[in-house]
Chemist: 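Shown below is the structure under consideration.
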Amino acid sequence: MPELPEVETIRRDLASSIVGQEISAVKLLFLKTAKNKAAFFVGALKGHKVAEISRTGKLLILKIKSKTKTEIQNYLLIHLKMTGQLILAAGAKKIGGGHSLGGNSFADSVGGELPNKYTRAVIEFKGGTKLFFNDLRKFGYLKIVNDLELARILKAGYGPEPLTPGLSAAYLEGKLKNKKKNIKAFLLDQKIIAGLGNIYVDEALFAAGIKPMRIVASLKALEVKKLYQEINKVIKKAIASRGTTFNNYVDSAGKKGNFSRLLKVYGRGKLPCPKCRQPLIKTKLAGRGTHYCDYCQK
DNA sequence: GTGTTTGTTATCAA
DNA sequence: CTTGATAACAAACA
């Protein structure tokens with residue numbers, strides 16, 4: 001389940017390896033993964049260079065360099081949804097006389113040849129580097145949009161991000177005023193905060209000592225401030241750990257995230273609460289598995 | 001065969 | 001009209 005820290009980890013890795021590189025071929029192994037018509041999708045990428053890579057929430061945005069001044073500015077959007085992976089395989093290195101040793105880092109860390117049965121698309125670069133888009137459940141997508149469409153998507157669907165000035169305790173106070181939603185659903189809403197998902201919402205609420213089913217309008221100013229601080233803290237730590245691998249998240253080298261062992265409540269079922277040792281509770285809220293401590297969270 | 005997993009959207013109800 | 005809650009999607013595993 002890639003959330004902000006996982007997508008940011010991938011963004012940083014890709015930025016250092018494919019920015020400036022020219023796309024030589026695009027292969028679609030599952031047509032519906034590309035949200036545009038195949039011919040248009042391939043045409044918009046092939047022969048173009050990657051200008052830069054950014055991210056909004058869980059959405060990865062590759063700016064595609066236009067070939068001429070009049071050519072429209074395109075972006076490749078990549079959303080991993082639940083099970084998407086982006087794996088880079090370096091091109092065969094020319095080493096005099098030697099055989100190619102470990103050219104595929106994915107095989108080294110996870111063990112598997114690429115493409116595999118879940119590979120939905122492959123983007124190949126001139127130097128031989130290949131970017132594999134794997135997605136077991138086919139929820140993820142690739143989509144070419146122009147600058148107008150991108151602006152519209154970002155404006156309509158994404159609120160401020162953690163760790164940016166746009167997200168503040170005051171902003172949250174304004175958003176939750178008079179609202180009757182529970183805080184779990186509130187935090188999962190990308191239009192309110194971009195980038196949080198099920199794992200980090202449960203972790204932030206535990207750290208802030210707030211029960212996930214609390215109605216947002218009932219939160220005291222002090223609780224909102226604490227929540228805001230804990231959201232930033234957990235996201236910052238998770239990025240530093242290169243994300244959380246719970247099911248199948250891996251970075252662009254095929255390696256797992258290190259934050260999993262730092263999780264306090266997510267995926268811990270009825271294990272003792274790390275603070276009070278009472279058994280944690282797992283229930284369902286906002287249609288999602290929800291983990292919390294009935295004693296530590298008020 | 002059943003229930004569970006989640007990011008996002010679609011749909012329905014209040 | 002707004003808001004909120006829930007189903008649906010997809011596929012694999014216990």
Chemist: Can you list everything that forms a side-chain hydrogen bond (donor to acceptor under 3.5 Å, both in side chains) with A:Gln190? Sequence neighbours excluded, please.
Modeler: none
Chemist: Can you tell me if A:Glu3 uses its side chain to pair, donor with acceptor, with the backbone of A:Ile199 under 3.5 Å?
Modeler: yes
Chemist: Identify, with sequence neighbours excluded, every residue that meets salt bridge (Lys or Arg N to Asp or Glu O under 4.0 Å) alongside A:Lys35.
Modeler: none
Chemist: Are A:Arg120 and A:Phe30 in a cation-pi contact, defined as NZ or CZ under 6.0 Å from the six-membered ring centre and within 45° of the axis?
Modeler: yes
Chemist: Check the distance between B:dT4's C1' and A:Lys282's NZ and give it to me in whole angstrom.
Modeler: 7 Å
Chemist: Enumerate the side-chain hydrogen bond (donor to acceptor under 3.5 Å, both in side chains) contacts for residues 163-174 of chain A, please, sequence neighbours excluded, ordered by first and then second residue.
Modeler: none
Chemist: Can you list everything that forms a side-chain contact (heavy atoms from CB on, under 4.5 Å) with A:Ser218? Sequence neighbours excluded, please.
Modeler: A:Arg214
Chemist: Go through the structure and list residues passing ring-ring contact (aromatic ring centres under 6.0 Å, His included) with A:His48, not counting sequence neighbours.
Modeler: none
Chemist: Residues in side-chain hydrogen bond (donor to acceptor under 3.5 Å, both in side chains) with A:Asp189, at least two apart?
Modeler: A:Lys181
Chemist: What is the distance, rounded to the nearest whole Å, between atom CG of A:Leu285 and atom P of B:dT4?
Modeler: 15 Å
Chemist: Grab the CG-C1' distance between A:Leu77 and B:dG7 for me, whole Å please.
Modeler: 16 Å
Chemist: Who passes side-chain contact (heavy atoms from CB on, under 4.5 Å) against A:Leu28, sequence neighbours left out?
Modeler: A:Leu31, A:Ala34, A:Ala38, A:Phe41, A:Ala121
Chemist: With sequence neighbours excluded, what pairs up with A:Lys184 under the side-chain hydrogen bond (donor to acceptor under 3.5 Å, both in side chains) test?
Modeler: A:Asn198, A:Asp202, A:Thr290
Chemist: Looking at every strand, decide which applies to A:Tyr200 at a 4.0 Å heavy-atom threshold: base, sugar-phosphate, or nothing.
Modeler: nothing
Chemist: Find the distance A:Asp189:CG to C:dT2:P and express it as a whole number of Å.
Modeler: 16 Å
Chemist: Going by side-chain hydrogen bond (donor to acceptor under 3.5 Å, both in side chains), name the residues that satisfy it together with A:Arg288, two or more places apart in sequence or in a different chain.
Modeler: none
Chemist: Could you state the atom-to-atom distance from CG of A:Leu188 to C1' of B:dT5 in whole Å?
Modeler: 14 Å
Chemist: What does nucleotides 9-14 of chain B look like as a protein-contact string, B for base, S for sugar-phosphate only, - for none, at under 4.0 angstrom between heavy atoms?
Modeler: ------
Chemist: Can you give one letter per nucleotide of nucleotides 4-12 of chain C, 5' to 3': B if a protein heavy atom sits under 4.0 Å from the base, S if only from the sugar-phosphate, - if neither?
Modeler: SS--BBBBS
Chemist: Can you pull out the residues from residues 232-245 of chain A that lie within a 4.0 Å heavy-atom distance of DNA chain C?
Modeler: none
Chemist: Between A:Tyr158 (OH) and B:dG7 (P), how many Å, whole number?
Modeler: 12 Å
Chemist: Within the structure, does a side-chain N or O atom of A:Gln190 lie under 4.0 Å from either OP1 or OP2 of B:dT8?
Modeler: yes
Chemist: Atom CG of A:Asn198 to atom P of B:dT4: distance rounded to whole Å?
Modeler: 15 Å
